[in-house]
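Throughout, a chain's letter reflects where its sequence line sits, starting with A, and its residues are numbered from 1.
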Amino acid sequence: MRTISVEEAKRFVGEEVTFRGWLYNKRSSGKILFLEVRDGTGVIQGVLTKPNSPDLFAQAAPLPQETSLAITGKIREEPRAPGGCELDVTGLTVIHQPAAPFPIELTEHSPGFLMDHRHLWIRTGKQVPILRIRDAVFRAVRGYFHERGFVATEAPILTGASVEGTTTLFEVDYFGEKAYLSQSGQLYLEATAMALGKVYWIGPVFRAEKSKTRKHLTEFWMAEAEMAFCDHLENTRLQEELIAFVVETVAKERKRELDLLQRDTERLVEEVARPFPRVSYAEAVSLLRGAGHELSLGDDIGVPEEATLGEHFQKPVFVEYFPASMKPFYMKRDPRDPSRVLAADLIAPEGHGELIGGSQRVDTLEDLERQLDENHLPRAPYEWYLDLRRYGSVPHAGFGLGMDRTIAWICGVPHIREAVPFARQLNRVNQITTKRQGELDAVR
RNA sequence: UCCUCGGUAGCUCAAUGGUAGAGCGCUCGGCUGUUAACCGAAUGGUUGGAGGUUCGAGUCCUCCCCGGGGAGCCA
């Protein structure tokens with residue numbers, strides 16, 4: 001007898017098989033009992049009746065939610081069952097029966113309660129499909145870069161010098177010295193790009209921002225790429241291609257999960273039809289003013305403005321050529337208009353915020369030194385970075401893609417905390433709030 | 001940091017300043033096609049904390065704590 005996954009069930013209609021998993025829900029009608037068993041790949045309904053199998057019925061009837069078990073039986077096509085087929089249960093082995101009721105009911109809970117129980121919440125409802133889609137997004141991004149000859153590399157998480165002030169950096173004690181958790185691997189990727197040509201990595205980055213919104217995490221995952229001999233236009237073309245590839249791949253590979261999330265995959269694929277619209281920062285400002293936003297040249301494009309852009313285009317949209325004063329020191333000035341930089345942000349539709357920030361980088365020593373000075377940054381910590389312009393500097397460009405926001409958008413979940421297994425937020429550095437963590441520590 | 005809403009049973013929520021309630025869950029009983037099953041019964045409370053007003057406070061006032069939403073911040 002074969003042990004199979006729920007995902008494979010349809011291929012085994014008529015055969016006797018075993019599933020191993022957890023009791024997700026059960027329904028009883030006196031002499032007939034329905035067991036919903038989940039195994040991570042899906043949920044299958046087992047059915048058994050009292051007259052046909054009295055012992056099994058007596059054994060199964062009292063089992064609580066999340067009992068781990070193995071069930072055996074013959075698979076049958078059954079339109080009435082969720083998923084289209086059903087198991088006539090002929091054998092049942094209980095592996096572990098919980099002594100207390102499972103905290104997550106299949107009804108409604110508040111976000112605070114769910115986050116306190118995140119380690120259990122992830123077993124239920126939409127959380128399983130979301131995490132399976134997350135896996136597919138990571139694989140698609142890696143697959144895209146791999147096929148185009150990018151070398152996967154790594155940037156350090158612990159960094160010695162603060163790049164732009166320390167207010168948004170998490171400080172850690174490093175043998176008596178100060179070190180910081182990385183906000184971005186970009187500067188290091190620029191160095192590896194000069195060694196390897198085209199590089200990427202996917203890694204965690206950290207922002208000590210006191211942001212409390214549905215788009216922000218203090219720890220999140222970024223896919224960053226850096227390319228030697230690449231300019232602004234090629235850079236954005238690649239981003240566009242990457243996003244389209246990821247969405248198309250995931251819409252195909254994870255159609256079942258997206259359907260469970262009631263995400264319209266056709267709409268999603270339409271959204272990423274290329275080319276993506278492009279507006280310059282100046283055009284975006286006048287477009288937004290026309291839409292009623294009070295915005296002047298030089299103002300940041302904030303959250304309500306991003307939402308308007310998303311509504312206007314109904315697609316991911318590039319906003320490019322920002323005023324240099326708004327952007328960090330390493331971005332290359334536009335030779336046609338040195339007041340602005342060769343940079344672009346990709347804004348997601350449906351209010352999911354900025355997915356990508358990218359730019360062509362400064363490639364001459366003189367410009368880089370000048371822009372450090374203009375940003376009132378010391379040169380000493382950047383000597384190694386300046387070296388990249390001293391030894392065979394080339395035009396190069398790169399970008400960072402927020403993985404968690406991308407996943408939230410693809411899944412159509414409004415809040416980023418559901419797009420990541422264990423979200424680190426302002427008040428949560430654990431499954432429970434920092435306040436409750438303090439209370440527990442006091443007890444110990 | 002600011003704005004805003006909230007904290008009542010294990011969970012989700014009710015309750016003119018006047019006896020703290022329902023649904024769900026758990027438990028028990030009923031039901032042979034359920035889909036968060038349904039029906040019946042039982043269980044369940046120091047109303048976030050401290051102070052104040054009042055004959056009387058879940059409700060009003062002050063302060064604090066915590067959570068949700070939003071803003072700002074955001075390579």
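- A salt bridge is defined here as a Lys NZ or Arg NE, NH1 or NH2 lying under 4.0 Å from an Asp or Glu carboxylate O, and R370(A) with E366(A) fails to meet this definition.
- Rounded to a whole angstrom, the distance from the P atom of G72(B) to that of G49(B) is 35 Å.
- The CG-P distance, from L295(A) to G72(B), rounds to 11 Å in whole Å.
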Exercise for review: Sugar-phosphate atoms are those with a prime plus P, OP1 and OP2; base atoms are the rest. Using that split, label each nucleotide of nucleotides 4-10 of chain B B, S or - for protein heavy atoms under 4.0 Å, 5' to 3'.
Suggested key: ------B

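- Rounded to an integer number of Å, the gap from L120(A) CG to C11(B) C1' is 14 Å.
- Along RNA chain B, the nucleotide nearest V303(A) and the nucleotide nearest M331(A) are compared for position; the residue whose nucleotide lies closer to the 5' end is V303(A).
- Rounded to whole Å, the distance from CZ on R27(A) to C1' on U34(B) is 5 Å.
- For the C1' atoms, the distance linking C13(B) with G58(B) amounts to 14 Å, nearest Å.
- Going from atom NE2 of H293(A) over to atom P of A71(B) covers 12 Å, rounded to whole Å.
- Ring geometry for H117(A) versus F113(A): interplanar angle of 30 to 60°, hence tilted.
- With hydrogens and angles left out, the side chain of E86(A) and the base of G33(B) share a donor-acceptor pair within 3.5 Å.
- Among the atoms of the strands shown, none is found under 4.0 Å from any heavy atom of S359(A).
- When the nearest nucleotides of RNA chain B are assigned to E306(A) and Q45(A) by heavy-atom distance, the more 5′-ward of the two goes with Q45(A).
- Following rounding to the nearest Å, L181(A) (CG) and C74(B) (P) show an atom-to-atom distance of 19 Å.
- Counting any heavy atom pair closer than 4.0 Å across all strands shown, K215(A) reaches no nucleic acid atom.
- Under 4.0 angstrom from either OP1 or OP2 of G69(B) there lies at least one side-chain N or O belonging to R417(A).
- Nucleic acid contact for R361(A): none, since no nucleic acid atom lies under 4.0 Å from a heavy atom of the residue.
- Residue E78(A) is classed as a base contact, given a heavy-atom separation below 4.0 Å to a base.
- Atoms CE (M222(A)) and C1' (C74(B)) sit 12 Å apart, rounded to a whole Å.
- Phosphate contact (OP1/OP2 of G68(B), side-chain N/O of H415(A), threshold under 4.0 Å): absent.
- Judged by atom type and distance alone, H109(A) does not reach the base of C11(B) through any side-chain donor-acceptor pair under 3.5 Å.
- Of all nucleotides present, only G30(B) satisfies the Watson-Crick or G-U wobble test against C38(B), with each distance under 3.5 Å.
- With a 3.5 Å ceiling on both atom-pair distances, the Watson-Crick or G-U wobble partner of G18(B) is C55(B).
- At the phosphate of C74(B), neither OP1 nor OP2 sits under 4.0 Å from any side-chain N or O atom of T168(A).
- Base contact: R80(A) has a heavy atom under 4.0 Å from a base atom.
- Checking side-chain atoms of R417(A) against main-chain N and O of A423(A) turns up no donor-acceptor pair under 3.5 Å.
- Pairing for G67(B) goes to C5(B), judged as Watson-Crick or G-U wobble with the two contacts each under 3.5 Å.
- C61(B) and G7(B) are spaced 14 Å apart, taking the P atom of each and rounding to whole Å.
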